[in-house]
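Here is the structure we will look at.
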Amino acid sequence: MQELSLRIIELIAAIPAGQVATYGQIAAMAGNHRAARQVSRVLHTCTSKYQLPWHRVIGAAGKISIPKDQPGYTKQKKKLEEEGVLFGLGDTIDLNQYRWSGHNK
DNA sequence: AATGTGACTACCC
DNA sequence: AGGGTAGCCACAT
């Protein structure tokens with residue numbers, strides 16, 4: 001079963017506004033802590049279909065995983081700030097404060 | 001049909 | 001401390 005991909009989608013969709021989650025975190029909650037890449041793929045593929053909050057998914061370091069060259073970088077940062085997720089120095093998100101603890105499953 | 005690649009991470013040397 | 005590798009898996013070529 002592609003339960004993994006499916007769970008990934010649901011988990012991402014379940015991230016509350018004002019909070020963020022890392023790829024590895026989602027992958028771990030979905031069942032495989034090594035499926036971080038799958039998470040990114042799901043983001044690309046399913047955002048348009050499931051309207052996933054892709055901007056709430058960031059890298060393990062608390063940084064946006066998009067090159068600054070791409071428009072998505074600024075876009076994501078802006079969306080997060082609007083939701084209440086503030087960036088520290090170096091455009092880094094304080095995971096200890098904003099990281100989603102999705103233990104409710 | 002096979003091979004390579006990617007919004008990633010954690011582990012091992 | 002820092003660089004290389006393995007593991008996930010759909011999609012492009």
Side-chain angles (χ1 to χ4, degrees):
Chain A
M1 48 169 139
Q2 318 88 349
E3 209 173 81
L4 180 61
S5 300
L6 199 50
R7 290 196 203 218
I8 289 174
I9 293 175
E10 307 213 339
L11 285 167
I12 294 173
I15 302 174
Q19 294 198 286
V20 297
T22 67
Y23 295 89
Q25 184 189 348
I26 293 173
M29 287 192 286
N32 282 315
H33 74 284
R34 298 178 181 179
R37 287 181 118 140
Q38 238 29 49
V39 177
S40 78
R41 223 201 62 63
V42 167
L43 244 44
H44 270 283
T45 309
C46 307
T47 294
S48 56
K49 300 171 183 170
Y50 300 82
Q51 297 184 317
L52 298 180
W54 61 274
H55 52 277
R56 296 188 198 145
V57 183
I58 61 177
K63 296 180 187 170
I64 294 176
S65 302
I66 307 174
K68 294 178 183 174
D69 298 40
Q70 296 206 333
Y73 183 89
T74 307
K75 191 173 181 181
Q76 175 169 19
K77 185 181 175 186
K78 194 171 183 179
K79 278 178 176 278
L80 288 174
E81 290 179 328
E82 288 177 15
E83 295 184 351
V85 179
L86 304 181
F87 290 70
L89 297 177
D91 291 333
T92 303
I93 294 174
D94 184 352
L95 290 178
N96 292 312
Q97 183 177 350
Y98 298 111
R99 189 170 70 175
W100 175 45
S101 32
H103 49 12
N104 56 338
K105 70 173 174 121

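So you know, we letter chains A, B, ... as the sequences are listed, proteins then strands, and number each from 1. For clarity, every value in this text was computed on a predicted model and none was experimentally measured.
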Self-check item: Student check: side-chain heavy atoms of A:R56 and A:L80 closer than 4.5 Å
Solution: yes
Quiz item: Are side-chain heavy atoms of A:F87 and A:I64 found at a separation under 4.5 Å?
Solution: yes
Distance check needed: [N] [atom2] versus [X] [atom1], whole Å only.
{"X": "A:L43", "N": "C:dC8", "atom1": "CG", "atom2": "C1'", "answer": "15 Å"}
{"X": "A:Q70", "N": "B:dG6", "atom1": "CD", "atom2": "C1'", "answer": "12 Å"}
{"X": "A:L52", "N": "B:dA7", "atom1": "CG", "atom2": "C1'", "answer": "13 Å"}
{"X": "A:Y50", "N": "C:dA10", "atom1": "OH", "atom2": "P", "answer": "13 Å"}
{"X": "A:H44", "N": "C:dC8", "atom1": "NE2", "atom2": "P", "answer": "21 Å"}
{"X": "A:K63", "N": "B:dA7", "atom1": "NZ", "atom2": "P", "answer": "17 Å"}
{"X": "A:R7", "N": "C:dC8", "atom1": "CZ", "atom2": "P", "answer": "16 Å"}
{"X": "A:I8", "N": "C:dG7", "atom1": "CD1", "atom2": "P", "answer": "18 Å"}

Quiz item: Minimum heavy-atom separation for A:I26 to A:L11, with atom names?
Solution: O-CD1, 3.7 Å
Quiz item: So, the side chain of A:D94 versus the backbone of A:N96: is there a donor-acceptor pair under 3.5 Å, distance only?
Solution: yes
Quiz item: Sub-3.5 Å donor-acceptor pair from the side chain of A:Q76 to the main-chain atoms of A:V57, do we have one?
Solution: yes
Taking the [atom1] atom of each, how far is [N] from [M], in whole Å?
{"N": "B:dA10", "M": "C:dA10", "atom1": "C1'", "result": "22 Å"}
{"N": "B:dA7", "M": "C:dG3", "atom1": "C1'", "result": "22 Å"}
{"N": "B:dT5", "M": "C:dT5", "atom1": "P", "result": "15 Å"}

Quiz prompt | Spatial distance of atom CH2 (A:W54) from atom CG (A:L43) [nearest 0.5 Å] | solution = 8.5 Å
Quiz prompt | Same cluster (ILVMFWY, side-chain, under 4.5 Å), A:I15 and A:L6 | solution = no
Quiz item: Taking protein heavy atoms under 4.0 Å as touching, what does nucleotides 8-13 of chain B look like 5' to 3' if B marks base contact, S marks sugar-phosphate-only contact and - marks none?
Solution: BSS---
